[in-house]
S.K.: 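The structure that follows is given in the form of structure tokens.
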Number of protein chains: 2
Amino acid sequence: MKIQEVSKKFELTADTLRYYERIGLLPHIGRNESGIREYSEEDCAAIDFIKCMRSAGVSIESLLEYVTLFKEGDKTRAARKAILMEEREKLQDKMEIMEATMDRLNWKIENYYKWVDDNGAELKKQHNCAELEAAARQEQKRAAGPKKRAPKKTTSSK
Amino acid sequence: MKIQEVSKKFELTADTLRYYERIGLLPHIGRNESGIREYSEEDCAAIDFIKCMRSAGVSIESLLEYVTLFKEGDKTRAARKAILMEEREKLQDKMEIMEATMDRLNWKIENYYKWVDDNGAELKKQHNCAELEAAARQEQKRAAGPKKRAPKKTTSSK
DNA sequence: AGTTGACTTAGAGTGGACTCCAGTTGCTAC
DNA sequence: GTAGCAACTGGAGTCCACTCTAAGTCAACT
């Protein structure tokens, strides 16, 4: 398979594929007589694995460690397994954090924002959510108060 | 609360807190007579919310959108709700991806790496995992084979 | 023979999210 | 009163993971 096909198949740009190869995340891909990459089934399997891990947030660094061990052969199996287990732990932790955030988001949507109608006007006032609302109210007070209105430099240099 | 306390409480560096304020993610924090930040309860609630969202991977851009609407008052409730719902969607999607990755990792650990003993030697050979193994084997063949390494630039002019 | 378009390379540039730095001010302790 | 330390400011630097550019090669088509 040529780079464009692989790119489509895995939804990774050709640049990204070349980048992965360059940093050693993918093995050196074979070239044909005119120097064009020809991805084998095995290369694709590797890409599939890497893509899966990356999309879950596994760092390139960890993946590199893993594939580096791979190249060293069977004697590194235990170390490789350890890496996978470590990454599994990390993923597990992240998922727990995300679940907590989901709960919070759900609470906010279902409780705090429940009285919002379709066309964007609010139907009732609410008064039991601290978080940003209170801070925002305070901010409004501050802004309305003394001239103290710091220049609002948004989004650094552009 | 002074910045150092807040920093400890939420495990965010003072730099990060100042950064968040600078870009408008946090409201302008009140200062005492000598210009030192004094974080209110409301500020802390906002920080707590932001930290929670950030640690789940919600982008600063989205959070900024949200707090910007907040400053515009009640008429933006519907829009704010929409943002939260969108972020909930994104989180949900991410979690699904992560779950799939977890499954894959679990499979690999439990099947592919099951015959690794404590001290790092492998006990048995395995032969039914494509992925990187095959690619690695291929790579080893390539390395052992022809000269490989040299780029074939014949007429090179830099 | 010339043009198109996919490919090649090394290397530079980008965007997001911090993180650090230099210089200054202000509080507390000795 | 001066040393030490925490805080302040604007701006520069860093890290990660790409992403883009320039200059070139090659096969196919007109």
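Letters A, B, ... are given to chains in the order of the sequence lines, protein chains preceding strands, and every chain is numbered from 1. The analysis underlying the following values was restricted to heavy atoms, covering all of them including side chains, and did not include hydrogens, waters or symmetry mates.
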S.K.: Report yes if a side-chain nitrogen or oxygen of Arg18(A) is closer than 4.0 Å to either non-bridging phosphate oxygen (OP1 or OP2) of dC7(C); otherwise report no.
M.R.: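 No, Arg18(A) has no side-chain N/O under 4.0 Å of OP1/OP2 on dC7(C).
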S.K.: Whole-Å distance between dA6(C) C1' and Lys8(A) NZ?
M.R.: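 Between C1' of dA6(C) and NZ of Lys8(A): 11 Å.
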S.K.: Roughly, in whole Å, what's the span from OH in Tyr19(A) to P in dC7(C)?
M.R.: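 Taking OH of Tyr19(A) and P of dC7(C), I get 21 Å after rounding.
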S.K.: Does Thr16(B) put a side-chain nitrogen or oxygen below 4.0 Å from OP1 or OP2 of dT19(C)?
M.R.: yes
S.K.: Please tell me which of Asp15(A) and Gly57(A) maps to the more 5' nucleotide of DNA chain D, matching each residue to the nucleotide holding its nearest heavy atom.
M.R.: Gly57(A)
S.K.: Below 30° counts as parallel, above 60° as perpendicular, anything between as tilted: where do the rings of Tyr66(B) and Phe49(B) land?
M.R.: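 Tilted.
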S.K.: For Tyr113(B), does the six-membered ring have the charged nitrogen or CZ of Arg80(A) within the cation-pi criterion, i.e. under 6.0 angstrom from the centroid and within 45° of the normal?
M.R.: no
S.K.: Report the residue (Ser59(B) or Glu5(A)) whose heavy-atom-nearest nucleotide on DNA chain C is the more 5′ of the two.
M.R.: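 The answer here is Glu5(A).
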S.K.: Please determine whether a side-chain nitrogen or oxygen atom of Tyr20(B) lies at a distance below 4.0 Å from atom OP1 or OP2 of dC18(C).
M.R.: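 Answer is yes, contact under 4.0 Å.
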S.K.: Regarding Asp15(A) and Thr13(A), do their side chains bring together a donor and an acceptor under 3.5 Å, going by distance alone?
M.R.: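 On atom types as modelled, these side chains do not qualify, holding no pair under 3.5 Å.
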S.K.: Expressed in angstrom and rounded to an integer, what is the separation of Leu25(A) atom CG from dC16(D) atom P?
M.R.: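 My rounded result for the distance is 14 Å.
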S.K.: Please report, rounded to the nearest Å, how far the P atom of dG5(C) is from the NZ atom of Lys2(A).
M.R.: 14 Å
S.K.: Is the phosphate of dC27(C), meaning OP1 or OP2, less than 4.0 Å from a side-chain N or O of Ser34(B)?
M.R.: yes
S.K.: Is there a side-chain contact between Arg22(B) and the phosphate of dT19(C), meaning an N or O under 4.0 Å from OP1 or OP2?
M.R.: no
S.K.: Under 4.0 Å between a side-chain N or O of Arg37(B) and OP1 or OP2 of dC8(D)?
M.R.: yes
S.K.: Base, sugar-phosphate alone, or nothing: which one does Ile3(A) contact when heavy atoms must sit under 4.0 Å apart?
M.R.: sugar-phosphate
S.K.: Looking at dA7(D), dC8(D), dA17(D), which one has an atom nearest to any side-chain atom of Gln4(B)?
M.R.: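 The closest nucleotide is dA7(D).
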S.K.: Whether Lys9(B) engages the ring of Tyr39(B) as a cation-pi pair (distance to the six-membered ring centre under 6.0 angstrom, angle to the ring normal within 45°) should be assessed.
M.R.: no
